[in-house]
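Both counts, for ligands and for their atoms, begin at 1 and track the order of listing.
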Amino acid sequence: MVKILVAAPLHEKALEKLRSAGFQIVYEEYPSEDRLVELIKDVEAIIVRSKPKVSRRVIEAAEKLKVIARAGVGLDNIDLDAANEKGIQVFNAPAAPTQSVAELAIGLMIDVLRKIAFADRKMREGVWAKKQCLGHELRGIVLGIIGMGRIGTAVARIAYHGFGMKIIYYDVRRCPKDVEKELDAKCVDLETLLKTADIVSIHVPLVPSTKHLINEEKLRLMKKSAILINTARGGVVDTDALVKALKEGWIAGAGLDVFEEEPLPPNHPLTKLDNVVLTPHIGANTVEAQERAGIEVVEKIIEFFKG
Ligand code: NAD
């Protein structure tokens, strides 16, 4: 019987799959590093989320460990070099949050264009701010997607089929022809995208080539009436340049779920701007995404030990 340590909350359906496949489950939520060093000794697999940290010390203490699974996407809490040196497999669930993040991106677009959060704040202050809340429709406007991968494509699908938006995109590789055809999407260079789009939505990973991809020079290319949506990673945008752009009106607004520094420090300049909607990195934070993430990694684990 394979003994597995579940070290973070996991959806009940995923736990049930492990039980039915005959795994012996040890459940302890977010153990400290010292405790994890003890627990890891005699298990063959461990499941974590963004916590706990599976450090080199933990991995070196493991005697039978074959699999580290992250019920989610980011692997920042796992020492991948240490796992690799010991030939330990690392699994994650990259597709699980796609729909949730895409829906949040669309939500932020509507929120910024219709000033929903601003209107709500004003209502609570007793102010009926109807005149200040003149908005825009999504229908017919140009959506520029930076990074037409899983999430970028899901956003484009909702935008095109649901709202009748026009889709242009920039990616280091072209998206499949059938998807381009389905969405009537045009591949353009970054400069054209920034100059043309009414909404720029970022969906690239944070890698050296995308660090501050959207900097002062790029923000100055955008239309004054355009808005920027970032649900990818904070580091893709130069925050200081964005604050300047929003304050000085080079762009009309922004919807941000991710930040260069998380949590966003209290009283950060972004929190002072009315044309910005902020959410605390909740893109993947849905019951459905968490359920899919749990099930996806559990299926990979079961497959691994079967084979
Ligand atoms: P993906 O790998 O399917 O798509 C990324 C796309 O970006 C690919 O098509 C790739 O070719 C393109 N790309 C890479 N480097 C590029 C560059 N320099 N210029 C232009 N295009 C480039 O990834 P995904 O599943 O769509 O996720 C996208 C990002 O969303 C993730 O990397 C992650 O940072 C972020 N994310 C955020 C949340 C959240 O909670 N807000 C949750 C999940 C993922």
Side-chain angles (χ1 to χ4, degrees), residues 49-51 70-77 80 91-109 111-112 143-159 167-180 183 185-194 197 200-215 217-218 221 228-239 254-264 270 276-294 296-297:
R49 284 180 31 182
S50 57
K51 295 186 293 183
R70 155 78 159 105
V73 185
L75 297 171
D76 342 355
N77 56 320
L80 297 174
F91 295 142
N92 67 345
T98 302
Q99 185 67 15
S100 296
V101 181
E103 290 183 13
L104 183 74
I106 299 281
L108 287 171
M109 291 173 199
D111 198 332
V112 176
L143 171 61
I145 303 253
I146 301 182
M148 193 72 147
R150 279 178 294 257
I151 298 172
T153 305
V155 171
R157 284 210 160 96
I158 304 171
I167 311 296
I168 57 175
Y169 75 93
Y170 164 73
D171 198 302
V172 281
R173 57 182 169 84
R174 270 190 99 93
C175 87
K177 281 273 164 248
D178 56 335
V179 176
E180 273 194 356
L183 304 174
K186 285 180 190 51
C187 185
V188 296
D189 60 52
L190 184 56
E191 192 177 322
T192 307
L193 183 142
L194 293 167
V200 173
S201 194
I202 302 174
H203 303 288
V204 286
L206 179 59
V207 288
S209 64
T210 60
K211 170 90 179 158
H212 286 189
L213 179 69
I214 303 303
N215 55 17
E217 179 204 334
K218 303 286 178 20
L221 292 176
L228 180 74
I229 304 295
N230 189 6
T231 58
R233 283 292 178 265
V236 178
V237 178
D238 178 343
T239 310
L256 309 170
D257 185 45
V258 286
F259 305 90
E260 288 196 80
E261 189 182 348
E262 293 185 7
L264 187 68
L270 284 170
V276 184
V277 177
L278 307 168
T279 52
H281 202 146
I282 55 171
N285 209 11
T286 65
V287 172
E288 293 77 10
Q290 285 170 15
E291 177 179 336
R292 276 194 302 273
E296 198 176 319
V297 292

Nearest non-hydrogen protein atom, atom 3 (O) of ligand 1: Arg150 N, 2.9 Å
Ranked by distance from atom 5 (C) of ligand 1, the top protein heavy atom is His203 O, 3.6 Å
Which ligand 1 atoms does Ala284 reach within 4.0 Å, using its non-hydrogen atoms? 40 (O)
Provide the number and element of each atom of ligand 1 under 4.0 Å from a heavy atom of His281. 39 (C), 40 (O), 41 (N)
So is Val172 touching ligand 1 or not, going by heavy atoms under 4.0 Å? yes
For ligand 1, which atoms, with element, lie under 4.0 Å from some heavy atom of Ser209? 18 (N)
Who pairs with Arg49 by side-chain hydrogen bond (donor to acceptor under 3.5 Å, both in side chains), at least two apart in sequence or on another chain? none
Atom 10 (C) of ligand 1 has as its nearest protein heavy atom Asp171 OD1, 3.4 Å
Residues Arg174 and Glu180 bridged, charged N to O under 4.0 Å: yes
Atom 26 (O) of ligand 1: the protein heavy-atom neighbour that sits closest, reported with distance to 0.1 Å: Ile151 N, 2.8 Å
For ligand 1, which atoms, with element, lie under 4.0 Å from some heavy atom of Val101? 38 (C), 42 (C), 43 (C)
Tell me if a side-chain donor or acceptor on Thr192 pairs with a main-chain N or O of Val188 at a distance below 3.5 Å. no
Check each atom of ligand 1 against the heavy atoms of Gly147 and keep those under 4.0 Å away; list them by number with element. 7 (O)
State which residues pass side chain to side chain contact (heavy atoms under 4.5 Å, CB included) with Ser50; sequence neighbours excluded, sorted by chain then number. Arg70
Just going by heavy-atom distances, which of Thr231, Asn285, Ile282 is nearest to atom 37 (C) of ligand 1? Thr231
Of all protein heavy atoms, the one nearest atom 31 (C) of ligand 1 is Pro205 CA, 4.3 Å
Residue, atom name and distance, where the atom is the protein heavy atom closest to atom 36 (N) of ligand 1: Arg233 NH1, 3.8 Å
Among protein heavy atoms, which sits nearest to atom 35 (C) of ligand 1, and what does the distance come to when rounded to 0.1 Å? Ala232 O, 3.5 Å
Spell out, as yes or no, whether a donor-acceptor pair under 3.5 Å connects the side chain of Ser201 to the backbone of Ile145. no
Are the side chain of Glu296 and the backbone N or O of Ala293 linked by a donor-acceptor pair below 3.5 Å? no
Can you tell me if Asp257 uses its side chain to pair, donor with acceptor, with the backbone of Ile282 under 3.5 Å? yes
Check: Asn230 side chain, Leu256 main-chain N or O, donor-acceptor pair, under 3.5 Å: no
Give the atom numbers and elements of ligand 1 that come within less than 4.0 Å of a heavy atom of Met148. 9 (O)
Which residue and atom name correspond to the protein heavy atom nearest atom 4 (O) of ligand 1, and how close is it? Gly149 CA, 3.2 Å
Is the shortest side-chain heavy-atom distance between Arg233 and Pro205 below 4.5 Å? no
Could you walk me through whether Arg292 and Ser100 pass the side chain to side chain contact (heavy atoms under 4.5 Å, CB included) check? CA-CA 11 Å; Arg292 276 194 302 273; Ser100 296; 4.1 Å; yes
Would you find a donor on one side and an acceptor on the other, under 3.5 Å apart, between the side chain of Tyr170 and the backbone of Gly144? no
Run the contact test for Thr210 against ligand 1 with a 4.0 Å cut-off on heavy atoms, strictly below, and give the result. yes
